[in-house]
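Right, one structure below, let's go through it.
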Amino acid sequence: MPELPEVETIRRQLAPVVEGRELCELRVLDPRWCDPAAPSEVADAVRGRAAEALSRRGKYLDLELEGEVHLVMHLRMTGNLLYRAEPGEERPHTRAVLSLGDGGELAFCDVRRFGTGIVLLGDAARDGYFAERLGVEPLGPGFTAEALRAQAEGRTAPVKAFLLSQKRIAGVGNIYADEALFRARIHPLRPVGALNADQIAALRDAVVASLEAGIDARGATIDDFRHSDGAKGSFQDRFLVHRREGEPCPECGTAIAKLRAAGRGTYVCPSCQPPPRLKRRAGPPARRPGRPRAAP
DNA sequence: AGGTCGGCCTGGCAGC
DNA sequence: TGCTGCCAGGCCGACC
């Protein structure tokens, strides 16, 4: 699943390929891709413009064209942006094709058809689009322990749901949320507002470390994420807990457990990430704390 | 208003 | 073997 490190990997590979090139034509093969805009509308907006930059915000790619025209794309679950120097046979599940001025082309391929491309006219429109959807950029200077604490304060949502909320932190998805929580030794179901200052600081550092490790490995390929040249990432081989149910914890050897948090498959070390206290149900009074139990 | 959940979509696979 | 049905999940909108 493309999360921040996967999108950043694509961006780094494609930026030198597209920057400075003219965008000759955009063929939208699946109208859903740019819904609700019409394919012809999107194609007309970008045709003939030079690409000035390929940037990233959260999990979004922003192809910045001359005249402040932005083609903003999201890969969602199964999207890929694949480059080839010469046009060839259409790849399966191609939703849109960008033809570049040097004869190369960029294919947006997406099995599950969740991926999107929209055109935004003007830098202000682009800024507004991101501002109303995305919170702090986790690899940017604004992502400090203090900023995280301010966001978390008073919230009762499980910390994993909090990490997945793009309006809080932009770019963290299911993989890197699990990895960061393990590194910070925090259970995903802990209410984020109940974390102490040390835990918040550890979480901030763990999010950054996990994302940077993902970028270093050029992303993770679980199902069908590919680099722009079709190669696979390698971070899936370096997961500490994600998708490792039953395998030993790299820290303590306890078997990794799988649970559900925020509606997502979630992996934890039950020993390194102690679960929050269960809410006591009405019934017989609980044993007083501190009193030693009878020996078994 | 914060939090949770279903819909979107398709390939892969478990189970009968 | 072949079919059914469930699972995966980023994001949005509906609902509590």
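These values consider heavy atoms only, across backbone and side chains, with no hydrogens, waters or symmetry-generated copies. Letters A, B, ... are given to chains in the order of the sequence lines, protein chains preceding strands, and every chain is numbered from 1.
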Protein-nucleotide distance (A/Arg243, atom CZ; B/dG12, atom C1'), rounded to Å: 12 Å
Gap between atoms CD and C1', on A/Glu132 and C/dC11 respectively (whole Å): 13 Å
A/Arg264 side chain near C/dG10 phosphate (N/O to OP1/OP2, under 4.0 Å): yes
A/Glu25 with A/Arg47: basic N within carboxylate O range, under 4.0 Å: yes
Any A/His74 side-chain N or O less than 4.0 Å from OP1/OP2 of C/dC11: yes
Interface with DNA chain B, restricted to residues 151-160 of chain A and to heavy atoms under 4.0 Å: A/Arg155, A/Thr156, A/Ala157, A/Pro158
Euclidean distance, atom CG of residue A/Asp110 to atom C1' of C/dG9 [Å, nearest integer]: 12 Å
All N/O donor-acceptor pairs, side-chain side in residues 248-258 of chain A, below 3.5 Å, sequence neighbours left out:
none

A/Phe114 over C/dC11, stacked by centroid distance under 5.5 Å, angle under 30°: no
Presence of salt bridge, A/Asp110 and A/Arg76, under 4.0 angstrom: no
Electrostatic pair A/Glu89-A/Arg84, nearest N-O below 4.0 angstrom: no
Interatomic distance, A/Arg133 CZ vs C/dC12 C1' [rounded to whole Å]: 9 Å
Interatomic distance, A/Phe130 CZ vs C/dG10 P [rounded to whole Å]: 18 Å
Sugar-phosphate only, base, or nothing, as touched by A/Arg76 at under 4.0 Å among non-hydrogen atoms: base
Electrostatic pair A/Lys59-A/Glu3, nearest N-O below 4.0 angstrom: no
Contact under 4.0 Å: A/Lys59 side-chain N or O vs C/dC11 OP1/OP2: yes
Whole-Å gap separating C1' (C/dG10) and CG (A/Leu163): 15 Å
Donor-acceptor pair under 3.5 Å, A/Arg112 side chain vs C/dA8 base: yes
Aromatic ring pairing A/Phe235/A/Tyr176, orientation class (parallel under 30°, perpendicular over 60°, tilted between): parallel
Pair A/Arg56 + A/Glu8, salt bridge at N-O below 4.0 Å: yes
Sugar-phosphate, base or nothing in reach of A/Tyr60, heavy atoms under 4.0 Å: sugar-phosphate
Nearest-angstrom distance from the residue atom CZ of A/Arg113 to P of C/dA8: 23 Å
For atom NZ of A/Lys258 and atom P of C/dC7, their distance in whole Å: 9 Å
